[in-house]
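These values consider heavy atoms only, across backbone and side chains, with no hydrogens, waters or symmetry-generated copies. Letters go in sequence order (proteins before strands), and every chain restarts at 1.
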Amino acid sequence: MSTTPLHDWNLEPEAAIALQRRLAGRVEHADRLDPVRRIAGVDIGFEEDGAVTRAAVVVLAWPPATGGAFEVVEQAVHREPTRLPYIPGLLSFREVPGALAAFDKLSSRPELVMVDGQGIAHPRRLGVASHLGLWLDLPTIGVAKKRLVGRHGPVPEGRGDWTPLVDDGPRGEEVIGAVLRSRARVKPVFVSPGHRIGLETAVAWVVACLGKTKLPEPTRLADRLASRRDEKRR
DNA sequence: GCGACAG
DNA sequence: ATCTTGTCGC
């Protein structure tokens with residue numbers, strides 16, 4: 001993939017959208033995973049009233065130890081001035097640069113990455129997970145807490161159950177993700193392929209990484225580190 | 001004009 | 001995303 005620094009990109013909305021259209025065509029929708037030994041979780045948080053972007057990456061060992069506990073192989077945090085405000089559909093331009101910088105601090109390279117946000121469940125099929133996957137050239141999965149686009153029917157109640165998230169594309173209706181019941185009696189999460197992975201495989205990995213909470217461990221731990229829940233809760 | 005709208 | 005106390009439940 002291109003190594004063009006994102007800060008060199010023209011971030012005018014029209015240009016950003018045109019770029020997303022081009023990049024979407026490069027996203028791979030079939031599984032192309034190496035044997036998985038490490039899974040990374042990525043998330044971005046903010047400090048100083050949003051003036052500072054805080055990107056966090058947590059690498060977990062796969063498989064988890066008997067009992068379900070995941071071993072944290074390593075983690076990294078990168079802070080930088082926030083580049084852009086939040087604009088639905090253009091989240092990548094706000095969060096990917098920081099995420100890449102955080103990845104640069106890692107000494108190991110994961111074989112799979114889970115991102116807090118959408119994958120192809122995006123207006124132009126290029127959510128933050130897909131965008132990051134292209135730049136890292138790694139399989140990525142988008143795990144979002146809310147819906148950005150698409151529609152779906154009732155979500156089955158059992159943990160691990162899911163219903164397809166569909167949206168209309170150039171060639172008619174297409175499945176862009178899964179609305180997954182990651183935990184009984186809790187609002188579902190939106191799982192969508194980011195890059196180099198298909199929907200079924202993506203859902204299987206998310207379910208395999210579920211602990212006791214709504215979010216899969218990689219994303220949950222990255223979220224905690226990005227929002228520094230540790231120091232805060234006191 | 002009125003909603004919808006990842007984080 | 002972020003600001004935040006208590007509270008219900010396993």
* What nucleic acid atoms does K212(A) come within less than 4.0 Å of, heavy atoms only: base, sugar-phosphate, or nothing? -> nothing
* For G50(A), which contact category applies under a 4.0 Å heavy-atom criterion: base, sugar-phosphate, or nothing? -> nothing
Nearest whole angstrom, please: distance from the [atom2] of [N] to the [atom1] of [X].
{"X": "E95(A)", "N": "dA6(B)", "atom1": "CD", "atom2": "C1'", "value": "8 Å"}
{"X": "R147(A)", "N": "dG3(B)", "atom1": "CZ", "atom2": "C1'", "value": "11 Å"}
{"X": "L91(A)", "N": "dA1(C)", "atom1": "CG", "atom2": "P", "value": "11 Å"}
{"X": "R151(A)", "N": "dA6(B)", "atom1": "CZ", "atom2": "P", "value": "18 Å"}
{"X": "R125(A)", "N": "dA6(B)", "atom1": "CZ", "atom2": "C1'", "value": "14 Å"}
{"X": "L90(A)", "N": "dA6(B)", "atom1": "CG", "atom2": "C1'", "value": "11 Å"}
{"X": "F93(A)", "N": "dG7(B)", "atom1": "CZ", "atom2": "C1'", "value": "15 Å"}
{"X": "I141(A)", "N": "dA6(B)", "atom1": "CD1", "atom2": "P", "value": "21 Å"}

* Report yes or no: do T201(A) and D31(A) form a side-chain donor-acceptor pair below 3.5 Å? => yes
* Phosphate OP1/OP2 of dA1(C): any S227(A) side-chain N/O under 4.0 Å -> no
* Asked: For dC5(B), does OP1 or OP2 lie under 4.0 Å from any side-chain N or O of K146(A)?
  -> no
* Which nucleotide in the set dG7(B), dA6(B), dT2(C) lies at the smallest distance from any side-chain heavy atom of D116(A)? -> dG7(B)
* Enter the distance from E111(A):CD to D34(A):CG here, rounded to the nearest 0.5 Å. => 6.5 Å
* Take S108(A) and E74(A), measure what side chain to side chain donor-acceptor pair (under 3.5 Å) needs, and give me the verdict at the end. => CA-CA 8 Å; S108(A) 63; E74(A) 65 172 322; 2.5 Å; yes
* Determine the interplanar angle of the W62(A) and F70(A) rings, folded into 0 to 90°, and report it as parallel if under 30°, tilted if 30 to 60°, perpendicular if over 60°. => tilted
* Structure fact -> In 5'-to-3' order, the base (B), backbone-only (S) or no-contact (-) status of each nucleotide in nucleotides 4-10 of chain C, using a 4.0 angstrom heavy-atom cut-off, is -------
* Asked: With stacking defined as ring centroids separated by under 5.5 Å and planes differing by under 30°, is F46(A) stacked against dA1(C)?
  -> no
* Could you tell me which non-hydrogen atom of V179(A) sits nearest to which non-hydrogen atom of L165(A), and how far apart they are? => CG2-CB, 4.2 Å
* **Ion pair R147(A)/D167(A), N-O distance below 4.0 Å** => no
* Evaluate ring-ring contact (aromatic ring centres under 6.0 Å, His included) for H78(A) paired with F103(A), printing each intermediate quantity in order. => CA-CA 9 Å; H78(A) 168 76; F103(A) 260 90; over 10 Å; no
